[in-house]
Structure formats: structure tokens, C-alpha cells
Number of protein chains: 2
Amino acid sequence: MTKAICMKRRKNGMKNSISTTPGPAADFSEDEKIDKKSYLPAYAQISRILKQRISKGIYAPGSRLPSEASIANSFGISAMTSRQAIGILAEEGLVDRIQGRGTFVKRLKFTYSSFGLDSLRKVFMDRKKLEVRIINAKVMTASENIEKRLELEPGSSVILVERLIFHDKKPVIYQISYALAEPESPFVETMLDTDVLTGLLLEKDFSSFKKAELRLLPSSLNKKDAALLNLKEGESVFRLEHTYYDFKDVPSAFGWFLITPEKMPLISRMGVWHD
Amino acid sequence: MTKAICMKRRKNGMKNSISTTPGPAADFSEDEKIDKKSYLPAYAQISRILKQRISKGIYAPGSRLPSEASIANSFGISAMTSRQAIGILAEEGLVDRIQGRGTFVKRLKFTYSSFGLDSLRKVFMDRKKLEVRIINAKVMTASENIEKRLELEPGSSVILVERLIFHDKKPVIYQISYALAEPESPFVETMLDTDVLTGLLLEKDFSSFKKAELRLLPSSLNKKDAALLNLKEGESVFRLEHTYYDFKDVPSAFGWFLITPEKMPLISRMGVWHD
DNA sequence: AAGTGGTCTAGACCACCTA
DNA sequence: AGGTGGTCTAGACCACTTT
């Protein structure tokens, strides 16, 4: 019953709620019609229909879509709504909008794709199977590389924390991170306990950062790291470097993850995959 | 002069074009005001201002933004426009909108980031420095792996094409691709000449595909590939696998690129980086 | 001049959440 | 009940491109 309320969601009490008479300038599209009483918004319905047409090749790659005005007209909706529908396709990278010329179906160009870290999120969200083990934590003098990354004076002290992340009792991610050793900072205390990793990933409410930069690299395991991850030396893994900046734009933490590609499949899809 | 025309772009012929009198329900925001005569749309100006406030920590991570209505009110714009402004922030991943609750500044969670292939695009766009050399092309019986990837009957023939892509006279990308050997298909002819690579990347107008899937993997060079790319055996590279599907959802082409990370830096930024 | 996408308004109603 | 985001309208005007 609670669902049933949702079903008659779409507004029906507007000026023109006629359903039998199509009204002027409508109903000359022979195929799909939109259902104003549906729980799916009109713009989503239009968007779906247009996507299907692209999928069927009715609107071929490179060709022009009908204008926003004519789409609005043929479906009996306002221009803003048809625009919103096309906006969905544009966001999904299916079409390009060019002012004054029209909207065009994109050709598949993989250099426009991108890879998200959703799969990694799944690993971290599965908290029952997750275990984070600190295998090393100490204060040390920064190496030259770390000095550069954290913009430190020569000879500065930094905190080093090494972690091993287990999923299903198996080690899957190795992390190492560095931060300036400022005993006063609340940052340091937290680091030894929850840290960038658990803090930022596990909603631990520790994120007074303004911005961060990630860099993804291919890497092969050295002897030590391979042993930790229970893999063979030389095996290929992802290396995910991270630098976090505070609100003064000072880099506060730097480190990297080593992750097996099985635990982090990076997949990107182009074109029409659904409907 | 042509630029000057652009400068007075913003419409001024609307009902209330008063510039001295602020009008009702405006001018109680003490800081920034928007310039209706600016060439920058109002929604972009609002968006920029809100972004700056996030950047300064005025709107802290996790906190709620003013409601769309109150933003519209305080800047003297319509609700739709303020909504559009906030939409920009949402698209950029800076805020989350939750119906009935409000709009909240996101905490930095790197599992929500993604990596784009823009850098690769630059390599391919630089056509003067680009050279594509076919180093092998033949018809052969599909291996078990290729059979599976292209959903072929056992014993099917496929076309194999190996390429080496030079940038600045140096080999930077190695590509191998397979496609079903159908002598009738226009696909095959094109493949030996322009192919998936040049076709899809270099605007060669060859893209009658419905969809495609890419997969990014870490890999290390074997002896042969290292020699081709002028690198050391065992060096870490990106392996970018691609599968293209035609409009009948049949996989038509499969292959992969080997790319040095220097030629394809994968960087992702979170939070406020500009303004 | 006509057509296209882009911006904007001033309203309206809806679904959801918190109180 | 009141506030918040989400959808929608019927217009208007603007900037750009093509004819």
C-alpha cells in the first residue's frame, strides 16, 4: 500500500489534465508515448526513448537529433523538459550539443572514457570481511622524495604508517603513508588509529581536507611487498598514489596503495549498454 | 571588436533592468553579488561563489548548504537558476543532494574518483608527431582466448593486426587487435588501413559500433614487447583492453594497447582545486 | 531570416524528511 | 506542518550557425 501511493505520483492536477484528447500539436509521433501518470519523470521517459532510438541506429552515430523544440512538440511537453531529457544523454556522453547547430550522436572515442574506483569501494564497504592491520608505524626523518612530496624542510620528521588490508582473511591491499610529524596536530593521533584510509573510506568523520590528488600507475611487486600480499615477486599490480591537502593548500599526507587488479577491475563502457 | 560584442552578452532587456536600485528581496548578502550584464551566466557566477565558500571552509565538509530557495532569494535570482548553479557543484562531485534533507558538502572519498584518458587523447591529437606503423597483419585461426572474446565457433578465422605507434619518432604504444575474418564486411578492408585505432581516434568516420568496453590493467613487458617499445623487459606498463560491439550486440573487435605510464598519466582530483 | 542550443523567469505541484 | 530537493510549464530573450 505504501508503494501504491508512489504509483500515482505524477501530478495530474495541472491546467490541462486531459488524457483522451491529445491537444493541439501532439500525437504525430507514431511510436512511443509518455505516461504522465507514471512514477518515472517525463524527462527520464523521453531520455529512455531517445536512447533506444540511438541504440537501434534510428539516430546513427554522427547524425543530428531532432531539435529540442521539435522533441518537446512531438511529445507534448515543454521545451525545458525536452532539454532536460537531452541533458541526460549529454551527461552520459552519448551526444554532443553544439550551439546553433544541433545535437549530434557521438561516435565512440575511447579517449573520452574514464575509469571509476567503484569496485574498490565495494571491498571497503564490506566491513565484516574487512580487516586492517598496522604492520609498521614510526617517526622517522623524511627521505628526499617524501620531503618533496610534503614540501618539507630538509631533515623534517615524518610519521610513517604501513598497513595491510585483508578481505576474506586474505591480504589484498598494502598501504604506506607519510605525514608531517606534528605532535600537536589531531591529525597525527588519528593517523595511528584510523588514518586516511579508514577515516576517509569508512565514514569515520575524519576529513578536514580541502582537496586531494590521486595518481594511478602500473607497478610490479618487489620481494618484500610480494611476500606481504602473498603473491609472486614481479607480479603486476596497481599503484594508487594519494596526496591530501589541508585548507591552507599544504600537502598533509602522501602515500600509496598496492592493489591486485582482481580486487579492482577498472572497466569503462561507451555507447548504449542498457535499453 | 568581435570580442567586444561578446562582452555585453547578458540580456538586459528584461522586465527589470534596473542596475542602481537593487529591487525587492535582494542585497542582504554582504559579500559577492552577481553581475547580470556579465558574459558569465548567472548560474556560473553563483556556482563559482558557492565553490569559493566551500574552498574557504565557510561551508565545511559534511555541513548543509543554504536551501535552493534561500540562495535564489539572497542573490535575487529564480529558483531554477539557483538550482542549476548547485547542479554544477553536484556534477563536479563537490556536494550531495538529498531530497527532503538538503544539499551537503561532500567529504573527500577517493573511492568515488575516476580517471580519464585525456592525456592519451593529446598524444593522438598531435598528428604531426604521430606515426602509426603496421608491423604485422594476417589471417589466422583464432586461439581459444580470442574465440571466447569474439564469441566465435571453434576453428574460426580472424584477422590479426599489430601496430606500433610512434610519437616524436619514439615508439610509445603497441597495439594488437583481432576481428572476425569476414571478407564481405567493409570492416575488414578498413581494418588493414585505418582500423579501430585510427578510425575511432582520428575522426576517420569509421564507427558503426553500438557500444564498447574498455578494461585497464597493470602489466609488465615481455621480451618481445619490450624490444618493440625500446624499453627494458619487465618494465611496468598499462594494458588497455578494448572490445567493440556492433548494432546486433555482437563483439566485432578485440585487442589491447600497451602504453607507458609516462605517456598516459592517470590523475584524479577531489575537492576544490580552482578558485 | 530562420533555426538551433543556452539562459532565465515566476510561478506550480510533487515526494521526501524532520519535527 | 513546514522545509527541502525534484519535476514541470509557457513563455521570453540571447548567442551562434546556416541559409
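Naming convention: chains lettered A, B, ... in sequence-line order (proteins, then strands); numbering from 1 in each chain.
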| query | Under a 4.5 Å cut-off applied to non-hydrogen side-chain atoms, are B/Y59 and B/V95 in contact? | reply | no
| task | Could you please name the option among C/dA10, D/dG5, C/dG6 that lies closest to any side-chain atom of A/R97? | result | C/dG6
| Closest nucleotide among D/dC8, D/dC16, D/dG5 to the A/S78 side chain | D/dC8
| Rounded distance (Å) that lies between atom C1' of C/dG6 and atom OH of B/Y43 | 7 Å
| query | Over how many whole Å does the gap from A/L40 atom CG to C/dC14 atom C1' extend? | reply | 15 Å
| said: From CD1 of B/I71 over to P of D/dG6, roughly how many Å is that when rounded to an integer? | reply: 13 Å
| Protein-nucleotide distance (B/F104, atom CZ; C/dC17, atom C1'), rounded to Å | 10 Å
| request: Assess B/K211 against B/Y245: is NZ or CZ under 6.0 Å from the centre of the six-membered ring, and within 45 degrees of the ring's axis? | output: yes
| Side-chain N or O of A/S67 closer than 4.0 Å to phosphate OP1/OP2 of C/dT4 | yes
| query | Do any side-chain nitrogens or oxygens of A/T103 fall under 4.0 Å of OP1 or OP2 in C/dG5? | reply | yes
| note | Taking for B/E68 and for B/M80 the nucleotide of DNA chain D with the nearest heavy atom, the one nearer the 5' end belongs to B/E68
| query | Just wondering, do B/L266 and B/L216 contact through their side chains at under 4.5 Å, heavy atoms? | reply | yes
| query | Which whole-number value in Å describes the distance from A/R64 CZ to D/dC16 C1'? | reply | 14 Å
| task | Have a look at A/I86 and say if it touches a base, only the backbone sugar-phosphate, or nothing, with a 4.0 Å heavy-atom cut-off. | result | nothing
| message | Quick one, B/K122 and B/H167 - any side-chain contact, counting heavy atoms below 4.5 Å? | response | no
| query | How close or far is atom C1' of D/dG11 from atom CD1 of A/I77, stated in whole angstroms? | reply | 15 Å
| field | Distance test, side-chain N/O of A/T81 to OP1/OP2 of D/dT7, below 4.0 Å | value | no
| said: What is the separation between atom CD on B/Q84 and atom P on C/dT9, rounded to the nearest whole Å? | reply: 10 Å
| remark: A/N73 atom CG is separated from C/dG5 atom P, nearest whole Å, by 13 Å
| task | Output yes when at least one side-chain N/O atom of B/R83 is less than 4.0 Å from OP1 or OP2 of D/dT4, else no. | result | no
| request: Report yes if a side-chain nitrogen or oxygen of A/R101 is closer than 4.0 Å to either non-bridging phosphate oxygen (OP1 or OP2) of D/dT18; otherwise report no. | output: yes
| Between atom NZ of B/K106 and atom CD of B/E92, what is the distance when rounded to the nearest 0.5 Å? | 11.5 Å
| said: As a test of reading the structure: which of D/dC16, C/dC8, D/dT7 is closest to the side chain of B/P41, going by heavy atoms? | reply: C/dC8
